[in-house]
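First comes the structure, then the notes that go with it.
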Amino acid sequence: MADKVLTVCPYCGSGCQLHLLVDNGQVIGAEPANGRTNEGTLCLKGHYGWDFLNDPQILTARLRKPMIRKNGVMEEVEWNEAIQYTAERLSAIKEKYGPDSIMGTGSARGPGNEANYVMQKFMRAVIGTNNIDHCARVCHGPSVAGLTYSLGDGAMSNSIPEIEHSDLLFVFGYNAPATHPIVARRIVAAKQRGAKIIVCDPRMTETGRISDMWLPLKGGSNMALVNAFGHVLVHEELYDKRYVEANTEGFAEYVESIKKYTPEYAEGITGVKAADIRAAMREYAKAPTATILYGMGVCQFSQAVDVVKGLASLALLTGNLGKPNVGIGPVRGQNNVQGSCDMGALPNVYPGYQDVTDTAIRKKFEKAWGVELPRKKGYPLTEVPHLILKENKLKAYYIFGEDPVQSDPNAAELREALDQLEFVVVQDIFMNKTALHADVILPSTSWGEHDGVYSSADRGFQRIRKAVEPQGDVKPDWAIISEVATAMGYPMSYANTEEIWDEMRSLSPLFAGASYQKMEEQGGVQWPCPTDDHPGTPYLYKGNQFSTPSGKGRLFACEWRPPQEQPDAKFPLVLSTVREVGHYSVRTMTGNCRALRQLSDEPGFIQISPEDGAELNILDGEIVAISSRRGRIMARAQISDRVQQGATYMTYHWWVGACNELTADFLDPVSKTPELKYCAIRLERIADQAQAERDVHESYQKIRRQMNVQEAILADKVTR
């Protein structure tokens, strides 16, 4: 009889609880638990995504020993040597160039909140810099900036279970069935209860198929469409005048900004019919309760923060905040991207979203940590290549649980930047493309092998639990970071994750009452939870009290700006990155799960319209060459009538079909989030398909040889 260990799925922000089935020290299966957000259901990744714990070595083997690059070759060493070497190199670089020459990351994947707390503390208290950031910068960074400006908190205003009880769901740039299947179930349940569904997306998504209205806007026209929505609400007097007067500010300026964005004017930019724009807002305005859900189709543009503010303004105009079953929901992608932000793995805030430039707050942390702390904001992760190659400001990079070479835009430039650094530390569970550039590799325990807390997308703290003993000479992330800190002269030692958690919440008023005990008793705790007797907060802004400086919601609109790279004769098509239901992030976890691997494999797909396929003489399933101004790759064509002519879509999970060799690193000026949803490409048919298949296979095997650290295959290794 297998033992059951209750934990939280590591694959998306839904926060689904599950039982890992353990027999003889090995995970053999997973069963859904009755968690707050999933209520006894799981998606494919939840059911089958545990297999990587058994190290099937489908893509690569687990990292088992620390390694140091010696004479261009990675060699296994003992922990004492790896820790001491890391500490000495970081100390020397800090001494020579100053603390701001060192960059660090948090991790939104498996390590948990406690490890992220320790990492940001290490960067601030030991290194002496606020240069700490993580992958929220490339996904929901605009949500944090935009919603904080408009409402006061950069998170979902309501809870995932409330979605199915809303009378209208307004889904903008978000494909829940692929990214959050359990949230998609809530959307379907809402539909079954009679809710109206409006979808804004260039593609016909699965949600679009069940919607009452699909608005197929042109990629990159989000702001123009959102402005037109506001125009209809104001000029048809559909907005809640009493609510706006009592609970918002900036209305006059807002009206002036949207003045020219009539539905007819917006139609010329967005391609959405003026009549449909009006019809959508009439439905939204008259719904007793309405919820906006959005995803990467909003956030991964160079005008993303403006669009987030604009969407929040629609909720403010109609009074859809401060009560159950309404609000605005940025549904976080990775399992703990909300938590990494909560823990202060950001360059501008301490844990609990406390401003690093606030003197009183800084002094509080200085007293607790016993050191003087840096006063200025740190660098965002997406500016790292520029800071290295153009400004020569960064000399070392401590990369914890991230694979930016695979996940970030313009991969070639990032590889060049990593190779120019004096010192690169990679701390992870698998070898990955970024680790090929490391000077030190520190192997850590994985989800399922340690305890901790995750934050779900709707601000829910939940416990993760150790199910099996790790194999090999590996350590928990928080322990590794603590040992490096101690070796650098700042003693850092914790007995367990609860001790770390209690230190964090003693410094974070938003989280102060969210103890391990309360999580055990309630199954989870949604922040804000300020005191021990507080149960947590299912929805924000009760009584329409916003967390802005004035206590009122801030309305916002501005001019639409087109994406920064446009198609032309040489690169006539537009590429957008998307996600796939069976794989997660950089695929080192799901790609090492036998069942999930069967769903799809290298080189991945590029979705194109039937019209473009016919024009280019490309057949479904053929290998094609894809080029941009930054690189060239191969992928398999997928002809789809869900795609508009001129648009293409690729997932970023693949090694051979790595779409981030193509993507551009243009950034939103506020959040510094890259425009991953829009770059110009060229698509070419390959005449010799047999040779193309061989090229794909050989490329795949070459990368696997690079990753196979267990066999110490040194050919193709990246050397200095």
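The residues of the chain are indexed from 1 along the displayed sequence. Model, not experiment: these values are computed from the prediction.
Note: S101 OG to K96 NZ = 10.0 Å, rounded to the nearest 0.5 Å. Atom CD1 in I481 sits 10.0 Å away from atom CD1 in I83 (nearest 0.5 Å). Rounding to the nearest 0.5 angstrom, the gap separating the CD1 atom in I160 from the CG atom in D458 is 4.0 Å. With values rounded to the nearest 0.5 angstrom, D408 atom CG is found 6.0 Å from L414 atom CG. T537 contributes atom OG1, which lies 9.5 Å from atom CH2 of W527 (distance to the nearest 0.5 angstrom). Atoms CG and SG, from L676 and C299 in turn, are 11.0 Å apart once rounded to the nearest 0.5 Å.
Evaluated for a side chain to side chain contact (heavy atoms under 4.5 Å, CB included) with H437, the options V426, L421, L418, I399 yield exactly one hit, L418. Among Y454, Y516, F511, the one residue that satisfies the ring pair (Phe, Tyr, Trp, His ring centres under 6.0 Å) test with F461 is F511.
For the 3.5 Å distance criterion, the side chains of Y294 and S143 qualify, holding a donor opposite an acceptor. At a cut-off of 3.5 Å, with distance as the only test, no side-chain donor of E114 or Y494 sits close to an acceptor on the other residue. Between the side chains of T291 and E162, no donor-acceptor pair is found at a separation under 3.5 Å. With 3.5 Å as the limit, one finds a donor-acceptor pair spanning the side chains of D342 and S455.
Taking both residues in full, the closest heavy atoms of P351 and Q120 are given as CG-NE2, 3.5 Å, listed atom of the first, atom of the second, then distance. Across every non-hydrogen atom of A345 and G106, the tightest pair is CB-CA, 4.1 Å. Listed here is the closest heavy atom pair of L373 and R124: CD2-O, 3.5 Å. For Y350 against P374, the heavy-atom pair with the smallest separation is OH-O, 4.2 Å. When all heavy atoms are compared, the tightest approach of Q338 to A155 is OE1-CB, 3.8 Å. Residues P142 and T673 share a closest heavy-atom pair of CD-OG1, 3.1 Å.
Crowding of K363 atom NZ: a count of heavy atoms from other residues, nucleotides or ligands under 6.0 Å not exceeding 12. Heavy atoms from other residues, nucleotides or ligands lying under 6.0 Å from CD of E391 number more than 12.
The side-chain heavy atoms of T497 and V453, taken from C-beta on, include no pair separated by under 4.5 Å. Between T382 and D665, every side-chain heavy-atom pair lies at or beyond the 4.5 Å cut-off. Between N34 and Q17 there is no side-chain heavy-atom pair separated by less than 4.5 Å. Using a 4.5 Å heavy-atom cutoff, the side chains of R587 and F430 are not in contact. Looking at heavy atoms from C-beta onward, T588 lies out of side-chain contact with I429 at the 4.5 angstrom threshold. Considering only heavy atoms from C-beta on, L316 comes within 4.5 Å of L321 through its side chain. Using a 4.5 Å heavy-atom threshold, the side chains of E422 and Y97 count as touching. With a 4.5 Å cut-off on side-chain heavy atoms, M488 and L90 count as touching.
Of the charged side-chain nitrogens involved, none lies within less than 4.0 Å of a carboxylate oxygen, so that R137 and E402 do not count as a salt-bridged pair. The pair D133-K672 fails the salt-bridge criterion, with no side-chain N (NZ, NE, NH1 or NH2) lying under 4.0 Å from an Asp/Glu carboxylate O. Salt-bridge annotation for R459 and D153: absent, with no side-chain N of the basic residue lying under 4.0 Å from a carboxylate O of the acidic one. Between D477 and R109 no salt bridge is recorded (no basic side-chain N to carboxylate O distance below 4.0 Å).
With sequence neighbours excluded, the residues satisfying ring-ring contact (aromatic ring centres under 6.0 Å, His included) with Y174 are H180. Under the side chain to side chain contact (heavy atoms under 4.5 Å, CB included) criterion, T486 pairs with M492, not counting sequence neighbours.
Between Y149 and F556, the ring-plane angle classifies as perpendicular under the 30° and 60° cut-offs.
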Practice problem: Check step by step if side-chain hydrogen bond (donor to acceptor under 3.5 Å, both in side chains) holds for N158 and N325. | Solution: CA-CA 7 Å; N158 288 64; N325 311 325; over 6 Å; no
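Looking only at distances, a side-chain donor or acceptor of K677 sits under 3.5 Å from a matching main-chain atom of T577.
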Just list the side-chain donor-acceptor pairs under 3.5 Å for residues 5-15, sequence neighbours left out, or say none.
{"unit_1": "T7", "atom_1": "OG1", "unit_2": "R465", "atom_2": "N", "d": "3.3"}
{"unit_1": "Y11", "atom_1": "OH", "unit_2": "G49", "atom_2": "O", "d": "2.5"}

